[in-house]
Each structure stands twice: as C-alpha cells, then as structure tokens.
Amino acid sequence: MTLQPPRPLTAAAARALHRLHGADVSAGMSERELDAVEERLGFRFAADHRVFLAAGLPLGTGWPDWRDGDPAVLRERLDRPVEGTLFDVRHNGFWHPAWGERPQEAEAAVGIARSFLADVPQLVPVFGHRYLPGIPGQVGHPVLSVHQTDIILYGADLTDYLRHEFAGLPGQLDSARATVPFWSYVLAENNGTPRPALCTTPYDSCASTSREALTDLRMLALERVLGRRVGADQLIQAGLVALVLDVDTPSLRLLAGLGRSEEPEAAQLFDQVMDELDLLADAPTEEREIRWELARWWLTLIVKGSMHPAIGADLLGHEVWSPLGHPDTLQPIVSEGVQYEDWSPAVAESKEAIAARIVAEAARLLAGPWPPAL
C-alpha cells in the first residue's frame, strides 16, 4: 500500500467533525488562547489538533477543558502516559532496548527511564485516554489509546479517530504512520507501520485452586492466539502459581523456575505446558468465540478484584465491544469505563462509585446467560 502525504485539517472539516461526537461545543479557541495553554502547561499541540480546537472546544465527560479546566487536572492528564510507563518500569519489568542494560534496583531503572522519556515528544489528550503526539506544525499523527504501556492504535490521524470513535465508521489504520519512535516501539511496528499490540492483561493472579490456575493458563494462551502480546514474566508467574496449586507437568516445573536471564525460553515452555495439559483441546477457533471467552475471564478478574475495574472496562471496550460490532449488552460497562476516564474534579470525586458500578455490572453479566444476549 502506498501511503499518501497527510493533508492538513481545514476549519470546515473540523466543524464537520464536531457534529459527530455529540458533546456540547463552546466557542473555538483563539490562537492567543492556544499559545497561552501551551506556555502555561509546557507542551505543544499538533497542527490538526489546533485547527480542531479553533473550530470549537468540546465540553463534557472525557474532553479536556483547555480554556477553563483545572490546571492540575490538565497537568495530570498530560503526565499520565509517562507516569504510566514509569509505573510499568518499576512494577512490570518494562524496558526499552535503547536505554542500555537495566539496573537491578527498581528506582535506578526508573531514573534512567525518566531521563530518556524527558526527550520523547509529549502525548496530548484528545478524549478520555486517547492521545495525539504534540509535535508543532505537523499533521497526520496517529491517535493512541494509552493505559501505561498498554497502547493501541485508535486512528490513523485525528480525523480518522473521530470518525471511527464517534460515528462508527471503519478505521483506516493501514494508512497510519509511525511518527514518534518511542511510542511506536511500545505500540509495536510491522514493516514500519504501527499495528495494534496490547500488553498482557494487567492483573494480579487471584487463583486459589488448581482449576482457577488452569483457567489463567488457558486464557493467556487464548490471548496469544488472538495476537495479544503476553510477557514472559506473566507466563512464568502463571506457571509458578499453577505449580504451587498442585498442577504439575515436566515443562511447567521448568517454566516456573525460569530466572530473568532465561525469560526468552518462556514462550516455548509455555506452549509445551499447553500440550502436556491439553488445555486447548476444546478451545474455540472462531475469533468471535475467543473474544467472548476472554471477556468472561476479564469480567471475573474485575469481580474478584484482580484487575482494576476501569482498566477491565476499557479492555472489554477495545477487545470485545468494538471488534464485535458494539453489542448492546456490553454498552453499560464500556460507558462506565469512559466515565471513569473523565478528569474533571466533579467526576474525580466519584471514581470509587464508578468503579463500584463497573464491578456490579460485571457481576450481573457473569450471572446471566453466556455469551450475553446481543
């Protein structure tokens, strides 16, 4: 496919995009206002983002209020991609190969990562946790959905993202361009073109029986079948939990005993464990069925407190609800996840209540027929 040069967003096209999202729209921001926001918060808007905001300022749940919003809330939203990456450096073993050898001490590793990330172009929130690289004077940057280093491509550019997110039109992800090397690395690349690549499901194992441990192993295997990226550290941890809970095979003992320097061996040993336990003998082969089976696992993790409700709701949104054509039964939990991501002070005070509603909705779905009626 031959990629065409990105075309600048016009004021007329930006006004048309505002008619898609359904939010209240206040007067567009002047050049002076946009410059003042950049100066006050220390970042730059991409050129098409400026045109979009100059045509009107969307207000309401999920939208940054660049004119009258609390500066601390806006600053927190701007900082979140880097802080989320540092969280994964500290707790989940994330490390970029360009940073050199990783120190054994977590805080030393965080210090090195922070110094490198200071030179990475800022990601600027567009809506919820959808971000656009803030490189002045340029257009055509992809829109990314960002949860720590769990990053996926949500639009080839700002126009494609808004048309896909709010009008349900097919995305043009094949035309996306990798414009920021670091974020493109995290996203993953396919011959220079970014492709969706999620990190492994962020959860703490709550398995207390061998049956639950086997379920976790099976679900990690299905994630890999679906093309999701599953880290060696989680394969090893899942193997260790299963071994402690009296699941035993020759390869499982080897998998559970791997050290950090042996992590490259994890994937092959995990596949051998799947064969020895025959966990995929009755596994679904259709993508739709795989997504529904993973959805039930993710809902269970939410209810058991093993995965944060908001992360689980977003995971269900972009791995089940969206690919399966927006089934009505998942709309409530996905909507609660979007509500959780609103950063206005009024909503921030009720995040615990929103999380509780996500857990309750997850429990309701699990109690009903499966898959839920569409």
Ion pair check, [X] and [Y], cut-off under 4.0 Å:
{"X": "Arg224", "Y": "Asp271", "result": "yes"}
{"X": "Arg114", "Y": "Glu83", "result": "yes"}
{"X": "Arg50", "Y": "Asp35", "result": "yes"}
{"X": "Lys304", "Y": "Glu212", "result": "yes"}
{"X": "Glu361", "Y": "Arg364", "result": "yes"}

Has the side chain of [X] got a donor or acceptor atom that lies under 3.5 Å from a matching backbone atom of [Y]?
{"X": "Trp95", "Y": "Gly100", "result": "yes"}
{"X": "His18", "Y": "Phe52", "result": "yes"}
{"X": "Glu319", "Y": "Arg291", "result": "no"}

Notebook entry, point to check: Is the Phe45 ring parallel, tilted or perpendicular to the Trp66 ring (thresholds 30°, 60°)?
Noted result: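 It falls in the perpendicular class, over 60°.
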Notebook entry, point to check: Is the closest side-chain heavy-atom distance between Trp99 and Val89 below 4.5 Å?
Noted result: yes
Notebook entry, point to check: Side chains of Trp297 and Asp216: is there a donor and an acceptor less than 3.5 Å apart?
Noted result: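 Distance-only check passes for Trp297 and Asp216.
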Notebook entry, point to check: Mind checking what makes side chain to side chain donor-acceptor pair (under 3.5 Å) contact with Glu265, not counting sequence neighbours?
Noted result: none
Note to self: Could you go through Asp314 and His129, starting from their C-alpha distance and side-chain angles, then the distance that decides it, and tell me whether this counts as side-chain hydrogen bond (donor to acceptor under 3.5 Å, both in side chains)?
What the structure shows: CA-CA 10 Å; Asp314 185 64; His129 49 87; 2.9 Å; yes
